[in-house]
**Q** 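Can you keep this structure in mind? I'll have questions shortly.
In what follows, every chain begins at residue 1, and chains take the letters A, B, ... in the order their sequences are listed.
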Amino acid sequence: MSGWETVIGLEVHVQLATASKIFSGAPNRFGAEPNRQASAVDLGLPGVLPVLNEAVVEMALRFGLAVEAQIAPVTQFARKNYFYPDLPKGYQISQLDHPIIGPGRLEIVVPTAAGDETRTIGITRAHLEEDAGKSIHDQLPGLTAVDLNRAGTPLLEIVSEPDLRSATEAVAYLRELHAIVRDLGISDGNMNEGSMRCDANVSIRPRGTREFGTRTEIKNLNSFRFLEKAIEFEVERQIEILESGGRIIQETRLYDAERNETRSMRSKEEAEDYRYFPDPDLLPLAITPKMISAVARSMPELPRARRERLREQFGLSEYDARHVGADRATASYFEACAAAAGDAKLAANWIMGELASLLNREELEIEHAPVTAESLGTLIARIRDATISSKIAKTVFDIMVTEGDDPDAIIEARGLRQMSDSGELQRLVDEVVTANPAQVEQFRAGKTKVLGFFVGQVMKATGGKANPQQLNELLRARLEDGD
Amino acid sequence: MTSDGTLVELSARITQGDIGCREVAERCLARIEQGSHLNAFISIDAERVLARAAALDAMPEADRGPLHGLPIAVKDIFCQAGVETTAGSRMLQGWRAPYDAHVIQRLEAAGALLVGKTNMDEFAMGSSGENSHYGPTRNPWNTERVPGGSSSGSAAAVASGMVPAALGTDTGGSIRQPAAFCGLTGLKPTYGRVSRWGMIAFASSLDQAGPMAWTAADLALLLAAMAGCDERDSTSVDRPVDAYSAALEAPIEGRRIGIPDALLGEDVAAPVRAAVDAAKRTFEQLGATTHAVSLPTALAGVPAYYVLAPAEASTNLARYDGVRFGHRCSSPQSLEDLYLRSRAEGFGSEVKRRILTGTYVLSVGYYEAYYLHAQRVRRLIRDEFLAAFEDVDAILAPTTPGVAFALGEKTDDPVAMYQQDVFTIPANLAGIPALSMPAGLSAGMPLGVQLLGPHFAETTLLNLAHAFQTATDHHLARPAGAAA
């Protein structure tokens with residue numbers, strides 16, 4: 001173990017999945033033609049005014065309740081002033097002094113060598129703000145193009161306490177947030193499209209000390225893997241500097257995924273003064289207990305509660321519950337699959353095994369899995385009722401993926417039904433035993449491993465369909481019989 | 001050519017069929033042409049005006065609104081779809097708004113004939129009308145004097161008889177001061193009474209649109225059309241609009257009028273003090289009672305205002321960066337060059353001064369000392385007004401420290417210029433309505449007095465001013481040489 005302790009705090013930007021933008025009626029959608037989803041308000045034309053979208057407030061409250069946070073009785077928007085071509089008004093409407101969501105906490109499960117460990121991570125605050133547009137530097141030679149479709153997209157910026165102690169914990173925290181915002185239905189959490197982005201504040205200190213080291217901020221990490229890699233790189237970089245007698249400069253750094261390194265963007269000395277002040281166009285907003293209780297009544301099941309329920313209801317291990325309970329979609333898939341299979345443990349194994357690697361390979365979300373939960377459940381039921389073996393089941397699964405869904409039809413059409421007819425099996429066993437006297441001698445001389453040879457011969461003859469348990473019994477009986 | 005009288009008079013003639021909208025429009029355009037030396041307008045689209053007049057004439061009687069055919073000039077700070085809207089700035093020269101301001105929609109829906117965009121101090125920053133990229137406006141009472149600002153062109157257009165009424169905006173006195181300098185009645189409504197949608201922002205927490213005309217009765221007619229909640233402006237207040245015109249004739253006996261001694265100190269010119277005294281006596285004769293009220297912090301309004309208004313302006317004007325609309329410098333060499341030159345070329349010196357001031361007071365290390373301190377002063381002033389209005393229905397005060405000054409007189413002394421707003425600023429800081437009305441002449445130049453009321457007491461102010469105008473004839477004085 002290194003003599004340094006890592007300290008990480010994350011700022012996570014979540015794009016809220018509202019129908020329209022945070023301060024205008026323009027649609028909030030990804031991927032339209034450039035500048036076709038920006039209204040006069042989003043363009044910051046002279047004379048326009050912002051009007052807060054109520055749905056945004058409700059979504060922020062949902063998040064606040066999910067992380068057991070204090071909710072501000074009065075929240076206020078502020079202008080954050082800076083010039084940039086993709087910031088139409090020359091200021092971003094954000095929140096500074098009175099964020100809608102105050103201190104809260106989030107429980108995460110961190111996989112360690114000694115097993116899963118539960119940790120509680122403090123959430124400092126979460127505030128609402130508008131997203132900026134996009135500057136595109138590589139489309140027009142010598143020019144920068146500006147696409148303002150994204151301008152005005154509602155963002156919830158979730159700031160954690162510096163409670164995370166490793167890249168693994170940071171990833172576990174981000175995954176939990178990802179699951180929560182998806183379950184709450186407040187964001188699609190799509191990191192490829194920028195629906196969820198993350199800045200990491202990273203510092204190190206000698207293990208056992210309490211004072212924080214100088215931190216650097218790594219901007220715009222848009223995948224779990226990049227978050228992990230960037231923190232790992234940054235921690236190594238800081239250790240190297242301190243161990244060679246240098247000092248860390250407080251600065252903003254960018255992660256370069258191609259080179260897997262972080263690079264300096266700007267130091268604190270060059271940091272901008274954003275001249276925050278309350279936005280006079282938007283009055284302070286009172287959050288009433290009535291609003292909060294209305295949101296509380298519509299709260300869906302959250303990941304932690306779901307994991308506990310899956311453990312209790314289905315007798316799953318903590319590990320299985322964490323995986324099949326990772327998000328609502330996987331959990332519903334699991335529940336439907338387990339019901340059809342009649343075996344929760346097997347269902348969980350299949351979902352975490354064959355299905356997960358298929359989805360991973362095809363880069364698919366579980367909602368779009370090519371095999372339905374019911375079909376997979378039926379397939380598992382066929383293993384349980386000994387219609388097919390686990391091995392054959394994998395073949396059937398592959399056929400279900402490529403050709404069609406119904407496992408029973410596939411088993412019938414391809415004649416994959418397990419051979420459990422003892423008469424037929426007995427005949428094959430007799431044949432194999434008679435044809436291989438040398439091996440029979442070996443078995444009888446005590447080399448029982450040779451049983452595997454006989455199993456293999458029968459399986460070969462049946463195309464793998466022999467019921468393995470039954471086959472074993474018949475073979476043993478035949479070989480031990482001695483005649 | 002003769003003027004068309006007051007808005008109420010002209011409305012009666014149109015309703016009776018004595019004059020058609022087309023003729024009203026033609027006469028207006030002719031008078032505007034005749035008064036072009038005043039530089040009251042930035043743009044006029046005569047064809048559009050005549051077409052609109054013809055459409056109004058063709059309108060079935062049942063569809064006609066309360067402002068049917070009434071020609072109204074609009075300060076060039078209100079966006080009008082397809083019409084150049086400059087805010088008096090080079091920055092927006094040639095910019096055509098793609099949408100209508102809320103008040104433009106309201107006035108047109110009421111049948112008004114919008115005749116053109118009036119000159120103004122750039123982005124409404126000024127108290128003389130001299131800070132316009134399109135040249136200074138002149139005062140019809142004396143063309144060597146300023147008409148006041150920032151609604152300079154609107155005041156000059158009405159005072160010269162070109163149009164019977166105009167729209168202005170008032171952030172620190174920009175309706176009331178030019179109204180006083182030009183012998184008009186002008187009203188700054190309660191903050192939130194009139195939607196700011198489509199009104200180019202100077203200082204968002206202070207800006208308010210309002211009417212300018214000869215009489216309180218004319219203002220009542222216009223305000224009824226302009227006021228009301230608009231969901232596009234979050235600071236617009238959802239509260240019913242009073243029947244202002246119907247309440248004009250209500251008796252004012254027993255009305256309690258406050259006189260703030262603090263606002264009548266040594267630096268107020270003697271004729272101004274005399275005008276306030278005379279107005280006080282008139283109200284007493286009309287049966288109102290007068291009472292001393294205490295507004296000890298009101299005079300601290302100017303420094304507070306010149307922190308808060310520039311602070312808001314500095315960020316409201318950040319959008320003029322040469323990227324999407326407005327002035328853009330030629331062949332920028334870099335992003336910074338684009339910003340620096342576009343803004344250096346597009347903005348005039350007073351606007352730059354306020355952007356610099358505002359940027360400074362919002363900066364780390366100064367925010368508390370300036371911005372927050374000014375907010376506390378603002379709160380104090382508001383609280384003092386609210387306390388005063390527990391004892392009185394309205395407050396009578398001067399509108400300006402003196403009559404209109406000479407062109408060029410104060411252009412080199414911004415602080416002296418800012419002091420022009422000392423009596424008008426407190427109403428903006430407190431968010432309360434305030435009306436300026438003519439109160440006599442001094443050496444041939446008009447003087448105004450102000451009536452200030454509690455939030456949403458426009459009806460009270462209009463009622464008091466109408467009673468005053470029924471009993472006096474200051475509002476009938478016209479500049480020599482203007483369309484009579």
**Q** Can you tell if the side chain of B:Val361 reaches within under 4.5 Å of the side chain of A:Phe277, non-hydrogen atoms only?
**A** no
**Q** For a side-chain hydrogen bond (donor to acceptor under 3.5 Å, both in side chains) with B:Asn428, tell me which candidate from B:Asp170, B:Asp207, B:Thr171 qualifies.
**A** B:Asp170
**Q** Which atoms of A:Tyr276 are under 4.5 Å from chain B, going by heavy atoms: the side chain, the backbone, both sets, or neither?
**A** backbone
**Q** Where on B:Gln375 is there a heavy atom nearer than 4.5 Å to chain A: the side chain, the backbone, both, or neither?
**A** neither
**Q** Output yes when A:Lys134 and A:Asp86 qualify as a salt bridge under the 4.0 Å nitrogen-oxygen rule, no when they do not.
**A** no
**Q** Of B:Ile200, B:Thr169, B:Val83, which is the lone residue that meets side chain to side chain contact (heavy atoms under 4.5 Å, CB included) with B:Phe78?
**A** B:Thr169
**Q** Quick check on B:Tyr360 against chain A: is it the side chain, the backbone, both or neither that has a heavy atom closer than 4.5 Å?
**A** neither
**Q** May I ask you to decide if the ring planes of A:Phe77 and A:Phe23 are parallel, tilted or perpendicular, using 30° and 60° as cut-offs?
**A** perpendicular
**Q** Kindly indicate, with the supporting measurements, whether the criterion side chain to side chain donor-acceptor pair (under 3.5 Å) is fulfilled by B:Ser43 and B:Lys117.
**A** CA-CA 5 Å; B:Ser43 66; B:Lys117 310 295 285 290; 5.8 Å; no
**Q** Looking at A:Pro50, A:Gly90, A:Gly25, A:Gly44, which makes the most heavy-atom pairs under 4.5 Å with chain B?
**A** A:Gly44
**Q** With sequence neighbours excluded, tell me which residues meet side-chain hydrogen bond (donor to acceptor under 3.5 Å, both in side chains) with A:Thr262.
**A** A:Glu234, A:Arg253
**Q** Looking at B:Leu372, B:Leu338, B:Leu206, B:Leu362, which one has more heavy-atom pairs under 4.5 Å with chain A than the rest?
**A** B:Leu362
**Q** Please flag which part of B:Ser195 lies under 4.5 Å from any non-hydrogen atom of chain A: side chain, backbone, both or neither.
**A** neither
**Q** How about residues 94-101 of chain B versus chain A: which residues have heavy atoms under 4.5 Å apart?
**A** B:Trp95, B:Pro98, B:Tyr99
**Q** Is B:Leu317 in contact with chain A via its backbone, its side chain, both, or neither, using a 4.5 Å heavy-atom distance?
**A** neither
**Q** Under 6.0 Å from the ring centre and within 45 degrees of the ring axis: does the NZ or CZ of A:Lys80 meet both conditions for the six-membered ring of A:Tyr91?
**A** no
**Q** At a 4.5 Å cut-off on heavy atoms, which part of B:Leu92 comes close to chain A: side chain, backbone, both, or neither?
**A** side chain
**Q** Should A:Leu61 and A:Val57 be marked as a side chain to side chain contact (heavy atoms under 4.5 Å, CB included) after you check the CA-CA gap, both sets of side-chain angles, and the distance that decides it?
**A** CA-CA 6 Å; A:Leu61 293 182; A:Val57 174; 4.3 Å; yes
**Q** Taking side chain as everything from C-beta outward and backbone as N, CA, C, O, which of these in A:Asp281 sits under 4.5 Å from a heavy atom of chain B? Side chain, backbone, both or neither.
**A** both
**Q** Parallel, tilted or perpendicular: which fits the ring planes of B:Tyr366 and B:Tyr370, with parallel below 30° and perpendicular above 60°?
**A** tilted
**Q** Chain A heavy atoms under 4.5 Å from B:Val364: which part of the residue, side chain, backbone, both or neither?
**A** both
**Q** Ring centroids only, cut at 6.0 angstrom: are B:Phe123 and B:Phe202 within range, meaning strictly under it?
**A** no
